[in-house]
Amino acid sequence: MPELPEVEVTKQSLEQHLQGQCIKSINIREKRLRWDLDQTTLNSLLGQRIHNLSRRGKYILINTEAGSALLHLGMSGSIGILENDRPLKKHDHFDLIMSSNQIIRFNDPRRFGSFIWAGKNPEAHKLLNKLGPEPLENNDLGTHLYRLSKGRKTSVKAFIMNAQIVVGVGNIYASEALFISGIHPKRKANRISKKRYERLATAIQETLTKSIEMGGTTLRDFSYSQGEEKIGYFKQELFTYGRTGAECKCCRSLVRQMVLSGRSSFYCANCQH
DNA sequence: AAACGACCCTGAAAGC
DNA sequence: TGCTTTCAGGGTCGTT
């Protein structure tokens with residue numbers, strides 16, 4: 001599934017191809033995504049020159065003079081950048097046709113992704129205006145987490161996966177960062193010292209940065225970039241995620257799995273408290 | 001305000 | 001072998 005590292009790689013790749021180009025047309029074959037594709041509002045994009053792309057959490061912003069569109073890959077979305085037209089594959093839901101004749105093709109089997117118009121002030125859009133800070137751009141993430149944890153009785157894992165607290169920490173990286181910082185995923189958010197939050201913040205930043213450098217984590221049906229299946233090598237680096245019953249890489253006791261707020265969580269009961 | 005569960009959906013994997 | 005069931009998961013929304 002695309003987590004922040006995969007979204008970042010996709011954004012960089014798209015920007016390289018799209019910057020300065022105009023959108024000639026938009027072809028919609030399946031409008032039923034997370035929200036219905038709205039041809040009327042997407043018409044705002046037609047003929048627009050793409051100024052640049054940016055990223056906010058897992059949203060990619062396509063910025064033009066007329067305003068910005070938000071692209072989200074959901075759980076199974078991917079973008080193909082095609083030099084020439086190709087036969088359609090299953091779940092190729094829409095295309096952007098560029099002035100260079102390149103085709104930006106969106107494929108998403110589970111249709112949890114989205115593509116919506118956000119107007120001239122996208123940061124004020126309701127999907128973006130409540131988001132927490134970017135983990136890799138915040139110099140004092142530990143203090144931020146500690147401050148917001150006051151009075152929070154939810155588990156620390158649910159806490160750091162809450163995009164209103166900090167963006168971009170998905171299920172994989174939450175388990176990994178908690179393992180690295182030695183914190184039990186079930187521990188209450190308001191029962192963690194500032195020092196431990198600082199360690200957790202560092203672990204979040206380290207694990208995201210390392211994953212970006214390695215091209216992300218590939219699991220199951222995930223593929224991204226230019227229609228090619230790129231393999232993310234970060235999977236080999238995982239300490240706990242998906243390793244139920246295997247030996248902990250630090251103490252050799254067995255990795256355990258439990259469900260927290262409806263999400264599988266992986267941890268070592270010996271290393272994490 | 002915070003926390004929790006339902007929901008959206010398909011395909012892979014497990015179960016029979 | 002082949003069919004059926006279960007599970008996975010990000011993020012939003014409605015309810016408690």
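Just so you know, these numbers use all the heavy atoms, side chains as well, and skip hydrogens, waters and symmetry mates. Numbers restart at 1 for each chain; the letters A, B, ... are given by sequence-line order, proteins then strands. Bear in mind that the values here come from a model prediction, so they are computed numbers and not experimental data.
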Should [X] be listed as having a side-chain N or O under 4.0 Å from OP1 or OP2 of [N]?
| X | N | value |
| --- | --- | --- |
| A:Arg110 | B:dT10 | no |
| A:Gln257 | C:dA8 | yes |
| A:His72 | C:dT12 | no |
| A:Lys90 | B:dG11 | yes |
| A:Tyr173 | C:dG10 | no |
| A:Lys130 | C:dT12 | no |

If you check the A:Trp35 side chain, which of C:dC13, B:dT10, C:dG10 turns out closest?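 Among the listed nucleotides, the one closest to the side chain of A:Trp35 is C:dC13.
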Got a sec, which pairs hit salt bridge (Lys or Arg N to Asp or Glu O under 4.0 Å) with one end in residues 134-144 of chain A, sequence neighbours left out?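 Every pair satisfying salt bridge (Lys or Arg N to Asp or Glu O under 4.0 Å) with a residue in residues 134-144 of chain A: A:Arg55-A:Glu134, A:Arg56-A:Glu134.
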End-to-end axis angle, where each axis spans five pairs of the helix from B:dA2-C:dT16 to B:dC16-C:dG2, to 10°: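 Nearest ten degrees gives 50° for this helix.
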Could you state the [atom1]-[atom2] distance from [X] to [N], rounded to the nearest angstrom?
| X | N | atom1 | atom2 | result |
| --- | --- | --- | --- | --- |
| A:Ile116 | C:dT12 | CD1 | P | 9 Å |
| A:Asp36 | C:dT12 | CG | P | 17 Å |
| A:Lys89 | B:dG11 | NZ | P | 14 Å |
| A:Ile60 | C:dG11 | CD1 | P | 12 Å |
| A:Phe115 | C:dG11 | CZ | P | 18 Å |
| A:Met75 | B:dC8 | CE | C1' | 11 Å |
| A:Phe106 | B:dC9 | CZ | C1' | 13 Å |
| A:Asn107 | B:dT10 | CG | C1' | 12 Å |

Acceptor/donor pairs from residues 19-28 of chain A side chains to any protein atom, 3.5 angstrom cut, sequence neighbours excluded:
from, atom 1, to, atom 2, distance (Å)
A:Gln19, NE2, A:His51, O, 3.2
A:Gln21, OE1, A:Ser100, N, 3.3
A:Gln21, OE1, A:Ser100, OG, 2.6
A:Gln21, NE2, A:His17, O, 2.7
A:Gln21, NE2, A:Ser100, OG, 3.3
A:Gln21, NE2, A:Gln102, OE1, 3.1
A:Lys24, NZ, A:Asn101, OD1, 2.8

Assess the side chains of A:Ser265 and A:Lys157: does a donor N or O sit below 3.5 Å from an acceptor N or O?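 A:Lys157 and A:Ser265 do have a side-chain donor-acceptor pair below 3.5 Å.
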Is it true that A:Glu176 and A:Thr240 share a donor-acceptor pair across their side chains at a distance under 3.5 Å?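 On atom types as modelled, these side chains qualify, holding a pair under 3.5 Å.
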Which part of the nucleic acid, if any, lies within contact of A:Arg34, taking any heavy atom under 4.0 Å across all strands shown: a base, the sugar-phosphate backbone alone, or nothing?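 A:Arg34: base contact, heavy atoms under 4.0 Å.
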Under 4.0 angstrom, heavy atoms only, what part of the nucleic acid is A:Tyr59 near: base, sugar-phosphate, or nothing?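 Sugar-phosphate contact only.
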Applying the 5.5 Å / 30° rule, does A:Phe112 stack onto the base of C:dG10?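 The ring of A:Phe112 is stacked on C:dG10.
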For A:Ser149 and A:Asn190, what are the C-alpha separation, side-chain angles and deciding distance, and is it a side-chain hydrogen bond (donor to acceptor under 3.5 Å, both in side chains)? CA-CA 5 Å; A:Ser149 71; A:Asn190 64 353; over 6 Å; no
Could you write nucleotides 1-6 of chain B as a row of B, S and -, 5' to 3', where a protein heavy atom under 4.0 Å of any base atom gives B, of only sugar-phosphate atoms gives S, and otherwise -? -SSS--
Which residues, ordered by chain and number, are linked to A:Leu260 in its hydrophobic cluster, where ILVMFWY side chains connect at heavy-atom gaps below 4.5 Å, directly or through other members?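 Cluster partners of A:Leu260: A:Met258, A:Tyr267.
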Side-chain hydrophobic cluster, 4.5 Å single linkage: members besides A:Leu127: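 A:Trp35, A:Tyr59, A:Leu61, A:Leu70, A:Ile116, A:Leu128, A:Leu131, A:Val167, all in the cluster of A:Leu127.
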Do A:Leu88 and A:Ile103 belong to the same hydrophobic cluster, where Ile, Leu, Val, Met, Phe, Trp and Tyr are linked whenever their side-chain heavy atoms lie under 4.5 Å apart, directly or via other members?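 Result: no, two separate clusters.
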Which atom of A:Asn270 lies closest to which atom of A:His273, heavy atoms considered: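 Smallest heavy-atom distance, with atoms named: O-NE2, 3.0 Å.
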Taking all heavy atoms of A:Arg243 and all of A:Cys248, pick out the closest pair and write down the distance.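 Answer, listing the atom of A:Arg243 first, then A:Cys248: NH1-CA, 4.4 Å.
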